[in-house]
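Presented below is the structure to which this report refers.
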Protein chains: 4
Amino acid sequence: MWMSKEISVAVIGYGYWGPNLLRNFQEADGIRVAVCCDQDPQRLARAKTRSPGVEVTTNFRDVLSHSGVDAVAIATPVHTHYDLAMQALQAGKHVLVEKPMTNRVDHAQELIELARKKGLVLMVDHVFVYSPPVVKMKEIIESGKLGSLYYIDSVRINLGLFQHDINVVWDLAPHDLSIVDYLLGRLPRSLATVGSVHADHDVEDVAYLNMDFGEGLLANFHVNWLSPVKVRHMIIGGSEQSLIYNDLENSEKIKVFNRGIAVATGTEQRRQVLISYRSGDVWSPKLSTEEPLARMTAHFASCIQEGSRPVTDGESGLRVVKILEAAQRSIKAQGGRVVL
Amino acid sequence: MWMSKEISVAVIGYGYWGPNLLRNFQEADGIRVAVCCDQDPQRLARAKTRSPGVEVTTNFRDVLSHSGVDAVAIATPVHTHYDLAMQALQAGKHVLVEKPMTNRVDHAQELIELARKKGLVLMVDHVFVYSPPVVKMKEIIESGKLGSLYYIDSVRINLGLFQHDINVVWDLAPHDLSIVDYLLGRLPRSLATVGSVHADHDVEDVAYLNMDFGEGLLANFHVNWLSPVKVRHMIIGGSEQSLIYNDLENSEKIKVFNRGIAVATGTEQRRQVLISYRSGDVWSPKLSTEEPLARMTAHFASCIQEGSRPVTDGESGLRVVKILEAAQRSIKAQGGRVVL
Amino acid sequence: MWMSKEISVAVIGYGYWGPNLLRNFQEADGIRVAVCCDQDPQRLARAKTRSPGVEVTTNFRDVLSHSGVDAVAIATPVHTHYDLAMQALQAGKHVLVEKPMTNRVDHAQELIELARKKGLVLMVDHVFVYSPPVVKMKEIIESGKLGSLYYIDSVRINLGLFQHDINVVWDLAPHDLSIVDYLLGRLPRSLATVGSVHADHDVEDVAYLNMDFGEGLLANFHVNWLSPVKVRHMIIGGSEQSLIYNDLENSEKIKVFNRGIAVATGTEQRRQVLISYRSGDVWSPKLSTEEPLARMTAHFASCIQEGSRPVTDGESGLRVVKILEAAQRSIKAQGGRVVL
Amino acid sequence: MWMSKEISVAVIGYGYWGPNLLRNFQEADGIRVAVCCDQDPQRLARAKTRSPGVEVTTNFRDVLSHSGVDAVAIATPVHTHYDLAMQALQAGKHVLVEKPMTNRVDHAQELIELARKKGLVLMVDHVFVYSPPVVKMKEIIESGKLGSLYYIDSVRINLGLFQHDINVVWDLAPHDLSIVDYLLGRLPRSLATVGSVHADHDVEDVAYLNMDFGEGLLANFHVNWLSPVKVRHMIIGGSEQSLIYNDLENSEKIKVFNRGIAVATGTEQRRQVLISYRSGDVWSPKLSTEEPLARMTAHFASCIQEGSRPVTDGESGLRVVKILEAAQRSIKAQGGRVVL
């Protein structure tokens, strides 16, 4: 194989997620970290200690003008994503941006448009999409094994880290929304969201998002920063089989249940007779042991090298932002339904 | 102690729940089963074999005119509750009626009014209210240990028995609604309910009820007949501590978590500083081993003997029916919020 | 099909287990309960109330001389099994006897011999052998799916009912020993058992039985009356796959794990290279919902009618008693190994 | 406070555990890593990349003669512990040695003796002893809350990493033996161990260690490299309360059960009456979130600075080796009991 040129990336933001990105880029083939940028010199000192070969700077313009930098990975607070990504694209850099992509739908659309014009890769860090159980769920759904999808019930709750610039919906739901976006590849028709505020003056800490995906598919998401226990659980009910994804389970993260109801149609018998119950085996598939973040960083590098479209492209990031924005409108409207 | 006269009861309906009622009445002190009434002679034959001393009849009028019958326990389909209970009260019999009390709010109100006029006991079989974990939850909440209540999250799902006259909301939610009614003793201010129809032409089999109880308390109920696994789970989050009730857990059905957030107020520090996290012990209280149904039947007998008001009186039955009726309206309005 | 004559059975002992036997015989086809015998008139009164059609007596001789009785089911304390079963066989009655079959090996042998001479059915109530998960385990093992068996690890612990005539080994281990006897169909070569005495002066309440079944198969049984939690758990490790049986699990009592080690042989490579790890799917088979006791009573009836040998015949009962007696000797010898 | 001189440590062995030790020493106060020594230059290259400031060498003598090295931390295979520790002590270095301390009792005794003579710290890396749940268990047992200890049941099983120089007893049991040694502070009176060999020609992969600690305390340890599931579980049963330690549980690693049996004595009533059952609350104490390895490395530094005796001193390491050596003798004697 012809050896592609090694991609050189700058990591922007060295707070909670940045160090993970940096480490994974360093261990990925075909990509290397050239620069780490953060406004806080203490963080940069930490980066320098751990990764002596990486240049550090507090000035984002240094990155933009750095001819050795092909791409930037943005791991800063949400409200800064648009500006930083915009400048990076304008400077001709490929962009990986932390989720949620932006805090406004129009901003996400602008980024997509600019990347398209410039022929640059724009990828969103929907990291769960690269995790083995989610990849397996996609494979199972696409195999048709579950039949028609009836409902998705998602719970992501724990005693959470309060953030003051965003509420629990913007903080936790992007994980589950990006998973469901990957599985279904489409927006819901409408949603209604209720949230309540307890600990802080105007930041929701408990919320329920209810979505109608059409064709009889209902999806409900519970996100909560005040739960005494940690739960990461998703049920996907289908006409043939159903699936449970428990991300906190050690050895059986995915279980497929050959259980359901059987509905006979087209006869003249009484309806009672037509519905019966099926109970069958439970199957928990072997999962790959690959690290999601390692797969994600490798995918970014290969999309740049091959000029291909990422699985979690700007469009998927945009769909998640559309849902978040609609959820926010619904919360303000006391849970009124919003059509997407 | 002066020995009260033994109460004589007729069990109406010998299908799924009737045999349990009959057996528990037989084993309760102060009450005995005189008659068992069902339209199906086969069921009556079964009752006769199991309980040779009980009279059986297919004619409800025999019960009404039976001078030896003080009370009736109605365990028939929901749509028959009102008629049977009405006739029984008119005939001067005390009434225990299966949940939900009626399928219309005005019917429940009429029954309450008639029982009041006649000075008869009208009790609803909210059997979970008599179960040791629910009694313990009430005690914990009333002790103030949890602080202000922030949210209630309830899940009652399984591969369910389809019923064609009622949907999953009317079938499963009364359990949780009666529990929450007992704990809070008040109606929600408003609710929104979404449901979806899959297996049957017009019966919802998956639904979410979302209620605003005011004072920052949000409650959400997931009921589902299509789940591959059985879950009976309730989280009650409070400002001080939180509680989890898992009815399928063998030895620790109730757990109280001394975990939460601490919000300081009245200082000039920045908001970020004011919210901190507390993590403490988990405590699972010893529960009584009494049978809920035995406690419930004994309570019915003692209310009749002492002329006292049942814990699960007509008013509590009415509140549950009000919520169910509002939920039904909300489903028809595509999840629109309904004020109670 | 030609209708066999209905078998008439007498239930001896109406304490803890007798009522279950009686009820199941009554509901089984081809068999009916004629007599219930117990030394305690109060228990007989309870039997009479619940089953008005059954004759009751405190005198076992009435049963022996009762010409309408074809078989007896003995559910009395262990030390009485031999005498009662002996007399019943001598009187020409078929015998079902509670486990453990006897408290002495020679007694079990005498019963087998007498039943053989008289041509009567002698069956031991190893009820777990008739339970769906155990039947499924047998099927899986016989399919060869697990490969060679490497080890069996069994845990049966709870806060137990103390019995003063027998220790925890004689009380709890017969369940697991009868299961393993059914699965393997052979005795261990040797065993060592340690027990300790805490609550009572000379009755062991915690014990470990360790058995060597030959061919590399080690089995260990933990039985305990002092455990704060209830556990009913068995792992069966094989060269190809392994199996876990959790009798307290609601919906996945049996799980088969396609995981293990792969050992290559016959090469010249270093040993380190020869052992590798395999990880595959987990599979939980659908289980029948039949009641073990109903299957057991029906099997007794059909063995009598067809003159066939029960699955849990006298020989299987004898093997379990041999192990128990050897375990007792080992305990007395401070855990010394006893060859069987 | 007077600032103690910073301790300088050399990490010997940079395989599985060495990198963890190195990282924790680097982050501990009062101690720094001067040298990393391994026979494999590739491993040293990795160490150099991750920790550019650390000297590396393949020659242990460089460490011994290095005047700037106060202490060594030995994380090499068991059979090398004695030689390396001996040389280090002779060269006047304090020693932290991976568990098990040595593979022979006399070797452990020699190390203790030499360290005593030289006045050097000799500490064994029984890392679980520094973990919050184990510290809490010690505190609970010393409070007397459990009463007299009746039994300890320990299970540590998984699909394990085969090692060819040591069997499953030497690999896994030191964890549990060091925990129990810390809790009890004494040797068992006797033990019996059975093991079986499946995958490899002469290395046991499944074993049970049974120990008599006297005073009615029985302890049993199941260690297993062939289990399809991972279990890390210990029950400690006491006369008053019992405790369960589940190291794989996320939020309730320790549970204390106020359940047990109550034995009355000194009356003339029948024995049956004297034993009754108590059932009470379950309590799961809050645990510290400190990292065990960080606490262990800090403890090593402070023992050197203050000249104090480590919690996991040579004597505790010796007791564990005594048990392992006795277990090995018992395995060779087909499970015969060995007196310690």
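Proteins get letters first, then strands, A, B, ... in listed order; numbering begins at 1 in each.
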Can you name the residues of residues 123-137 of chain B that have some heavy atom under 4.5 Å away from a heavy atom in chain D?
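Those residues of residues 123-137 of chain B which would need a heavy atom under 4.5 Å from chain D do not exist here.
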
I need the contact set between residues 234-254 of chain B and chain D: heavy-atom distance under 4.5 Å, sorted by residue number.
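When heavy atoms of chain D are the reference, residues 234-254 of chain B contributes B:S251, B:E252 within the under-4.5 Å range.
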
Just how far is it from atom CD of D:E27 to atom CG of D:L22, taken to the nearest 0.5 Å?
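Between D:E27 CD and D:L22 CG, I get 10.0 Å after rounding to 0.5 Å.
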
Any side-chain heavy atom of [X] within less than 4.5 Å of one from [Y]?
X	Y	result
B:V311	B:D313	no
B:I152	B:L217	yes
D:R295	D:L293	no
B:D181	B:L184	no
D:V168	D:N224	no
B:R156	B:I179	yes

Check B:K138 with B:E142, please: is the shortest side-chain N to carboxylate O separation under 4.0 Å?
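A salt bridge links B:E142 with B:K138.
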
If you take all heavy atoms of B:A173 and B:V223, which pair is closest and at what distance?
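Closest approach of B:A173 to B:V223: N-CG1, 3.9 Å.
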
Minimum heavy-atom separation for B:Q305 to B:G30, with atom names?
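Heavy atoms only, the tightest pair is NE2-O, 3.6 Å.
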
Begin from the C-alpha positions of B:L172 and B:F221 and carry the test side chain to side chain contact (heavy atoms under 4.5 Å, CB included) through to its verdict.
CA-CA 10 Å; B:L172 294 183; B:F221 301 79; over 6 Å; no

Taking only heavy atoms into account, what residues of residues 282-289 of chain D are found under 4.5 Å from chain B?
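So the qualifying residues are D:V282, D:W283, D:S284, D:P285, D:K286.
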
Stepwise side-chain hydrogen bond (donor to acceptor under 3.5 Å, both in side chains) check, D:N210 with D:N220:
CA-CA 4 Å; D:N210 193 280; D:N220 199 76; 2.7 Å; yes

side-chain hydrogen bond (donor to acceptor under 3.5 Å, both in side chains) with B:Y208: which residues, sequence neighbours excluded?
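Listed in chain order: A:D153, B:H222.
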
